[in-house]
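Here's the structure, in structure tokens; my notes come after.
FYI, the numbering just counts along the sequence from 1.
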Amino acid sequence: MKLFLPPDSQPYAISIPDLGTSYEFYANGSLIASAGKVGKDPETSMAGYKPQIAVLPGKDLDLVLHISNFQNRWGGFWSSVRVGHWSDVLNERERNLTVDICLAMVAASMSVYNLFLYFFRRKEPAPLLFSLHCFLILCRILTTGERLGYRILGDSLWEYSNKLEYFSVYASAPTLYAFFNRYCPTAFWRRFGLWMTFPYYIVSALVLFFPNRYYTLTLFPTSMYALFVTMPTWAFLLSQGIKRNLEGAAILMLGYVVITLCTIGDILYSMGLVRIHYLIPYGQIFLIVCYSLLISKIFSVSFRKSTELSSKMKSLVSYTREIMLSSSYKHSAHSVLNILSEADRKRSREKIHVYLEDSKFSSWRKYSTDGEQVSEDLMSDQEMEKYLGGNPFALEKTLIKEGRFIVPVQHAISTRLLLDIPLDKESLQDSSLDWIQGIADAFAFSIQNINRQDRDKLAIIGELSAEIVHDIGHHIMILRQHLRNLGGNEEKKKQSAIRQAEKETDALSNLSLDILDVSKNRIILDLQSVKIGDYFREIRDDLRHFFLSLEKEMKLTCTIKAHGKFKLDPFRIRRLIFNLAKNAAEATPQKGLFSIRVEKESNILYLIFEDNGSGFNSDLKERLYEPVGILSSSKPYGAGLGLSIIGKIVSAHGGEILIDSGKGRGSRFTILLPESGILRS
């Protein structure tokens, strides 16, 4: 071609596009540009993509273009060269390079960013799918336009670069549609999606395993399939997602419309029907922007929800404490109703109900509130079944019925519980559902606690009654023994038996007073000044009679190293010592040991009791001063009436108990009594 350029002081240049083949460009006999290797057969030629510009030597030019095309079905002189001033051609080239580099950096950044999102939350595959899609976009950008990828790989890998170009186009469709399906799931795509994307998998495999002359034949049919099948299908599915108010459907629809228009432009460009540039990368970047907006929206909503959830969880802790303090079914139900009505007051004026099974009467207790008053009614099993539309005992999951939530308590408890609250948009949120379920769980635990307390109270009453009867029976047995001794002829034995009988009668009287004191949760002492030696020697003799009346052998040792007088309640201290002796005997096998040491230092009287019994748990000291109503009474060393009285007697004297015991190594009680006789109630 002869080219005559107008005279101008500026040099001229020629811009040669990516011809997809091998060529040599001559101007006035000089080689000014080339791509690949020109040859007369496939063996001596090599295709290459190399967009470039070259300076033209002069104004009157004789241009010669040598082309050989044996490798690329779509190669050849299929795009026009452009001639212009050097500065204009160079500026255009730099703009194109800058745009391609920016597009590549955006695609690469989003690919890595979404990959990290997936690693932090692997249960959600949407970031992984979009990361893969962005990577394919990056491959598409590097293998089209300015062909940056070909510059990196070189002409020797032209075939693989060309495969990458086609593969990035074909494989991006299934990844994009799988990504859309995560945000806009439909029954149609779940059922037919694999079959609709199956052609893309086929042509992708052809690209990977067949040469250029075969896989390039798939471009036109694949373009038509995308244009008339998958593109309209997903436009319709996204529009349905918008109608269903799915989060992100509108934003993704906007990005999809843009990328669809760009894809149509590229199809027309590849067919030579329009003269534009490849637009898909721009459409993909617009889709990335839309997805970034979607991520920002999701994170913003998630942050707001987490703040609301944090507030709800704080209130749930407070409400749980309030519910757990309930002392009866009615109190617990009223607490739950007040909490739910307070949370619902701003949104609804409908009544809230709590159903509590009453197994004794085969009915349900219905507690209701409209935000102000709480009422209580009874419903039969038949009425409940009619209201729920099924067996209430078979209800395991939350039921939505006539604009209301029916929430069953999902705990293995003997009593069935149901919450019945009005349904609104806010209550459908996960945080609200979790909060409501938390209130229901607290309600269940409260009912369990009330049931357990009732059982424990009955058990304790029974055990304490048995222990009281046991103590009374013990004293009666001793009284009978002394009464039999009255029948003897010796006057001394008669007088001794009478004295012992009087002591046992006093002990029974003291026991009755102890029972009254425990029931009133206080002890009023009768302090008397006693001679330490005489008082404890008399108790020693009584203990010997007590151990002799038992069926097991108990050895008693008593060491008294204190003298003078001391102010105490003689009946209460005697009761204390006999309780310890009785417990030691019960905790000891056939042969046991019980020792007493009495010492005095300054104004403190020390009473030290030791045995070789089985011992007890280390938490007994803390439990010793607890109210008798919440103690257990299992032997040995049960903490029923006996040990409760010990703690109360010592506390009433202003004293202290030091305990050293362990399983299998006996027990040691050290009781410190101050001489001042400080009273404690």
Side-chain angles (χ1 to χ4, degrees), residues 471-486 488 490-514 523 525-550 553-585 592-601 603-611 642 645-646 648-650 652-653 655 657 668-675 677:
D471 288 342
I472 293 174
H474 167 72
H475 291 295
I476 291 174
M477 179 182 64
I478 296 177
L479 279 172
R480 285 176 177 173
Q481 180 66 35
H482 292 315
L483 290 173
R484 282 194 294 269
N485 292 337
L486 289 175
E490 297 182 12
E491 188 65 26
K492 276 188 176 182
K493 290 185 177 181
K494 290 182 179 181
Q495 295 298 325
S496 175
I498 291 173
R499 286 196 301 271
Q500 293 297 331
E502 288 176 349
K503 290 180 182 179
E504 294 303 322
T505 303
D506 293 338
L508 281 171
S509 177
N510 189 63
L511 175 59
S512 64
L513 292 175
D514 285 343
I523 291 180
L525 299 180
D526 180 16
L527 295 176
Q528 300 178 24
S529 182
V530 299
K531 290 183 179 181
I532 297 175
D534 294 344
Y535 175 72
F536 284 101
R537 278 191 289 271
E538 187 176 351
I539 290 178
R540 177 195 61 192
D541 295 338
D542 292 342
L543 282 176
R544 284 175 179 168
H545 284 95
F546 168 69
F547 286 142
L548 288 175
S549 67
L550 300 177
E553 181 181 344
M554 291 291 295
K555 181 179 179 181
L556 173 66
T557 61
C558 182
T559 305
I560 303 173
K561 294 185 177 181
H563 305 283
K565 293 185 177 183
F566 198 85
K567 196 172 185 180
L568 48 75
D569 187 329
F571 292 105
R572 281 344 194 290
I573 295 299
R574 186 177 188 274
R575 170 72 172 158
L576 179 152
I577 295 172
F578 268 82
N579 274 335
L580 288 175
K582 180 169 64 71
N583 286 337
L593 172 65
F594 185 73
S595 67
I596 304 174
R597 289 180 61 193
V598 182
E599 299 179 359
K600 185 181 179 185
E601 182 178 345
N603 63 338
I604 302 295
L605 185 65
Y606 292 86
L607 307 180
I608 304 170
F609 306 91
E610 292 187 73
D611 65 64
I645 287 296
I646 291 172
K648 290 180 180 296
I649 290 173
V650 174
H653 280 82
I657 301 179
R668 174 173 175 165
F669 290 80
T670 302
I671 298 176
L672 288 70
L673 298 178
E675 191 170 11

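Shortest non-hydrogen contact noted between D541 and H545 is O-ND1, 3.0 Å. Shown here for R544 and L556, the closest heavy-atom pair between the two residues is CG-CD2, 3.7 Å. Residue L543 comes nearest to A581 through the heavy atom pair CD2-CB, 3.7 Å, listed as atom of the first residue, atom of the second, then distance. When every heavy atom of L580 is checked against every heavy atom of F594, the shortest pair comes out as O-CE1, 4.0 Å. The two residues K600 and K565 come nearest to each other via the heavy atoms NZ-O, 3.9 Å. Looking at every heavy atom in both residues, R574 comes nearest to D542 through NH2-OD2, 3.0 Å.
Side-chain N or O atoms of D569 include one that pairs as donor or acceptor with a backbone N or O of D526 at under 3.5 Å. The main-chain N or O of P570 is found under 3.5 Å from a side-chain atom of Y535 such that the two form a donor-acceptor pair.
We find the CG-CD1 distance between L673 and I604 to be 8.0 Å, quoted to the nearest 0.5 Å. Taken from NZ in K531 to CD in E538, the straight-line distance is 12.5 Å, to the nearest 0.5 Å. To the nearest 0.5 Å, atoms NZ (K555) and CG (D611) are separated by 14.5 Å. Between the CD atom in E599 and the CG atom in L672 there is a gap of 10.5 Å [rounded to 0.5 Å]. Within the model, atoms CZ of F566 and CG of L605 stand 4.5 Å from one another, a figure rounded to the nearest 0.5 Å. To the nearest 0.5 Å, atom OG1 of residue T557 and atom CD1 of residue I596 are 8.0 Å apart.
For the pair I671/L576, a side-chain contact is recorded, criterion being any heavy-atom separation below 4.5 Å from C-beta on. Between F546 and K582, the closest side-chain pair of non-hydrogen atoms falls below 4.5 Å.
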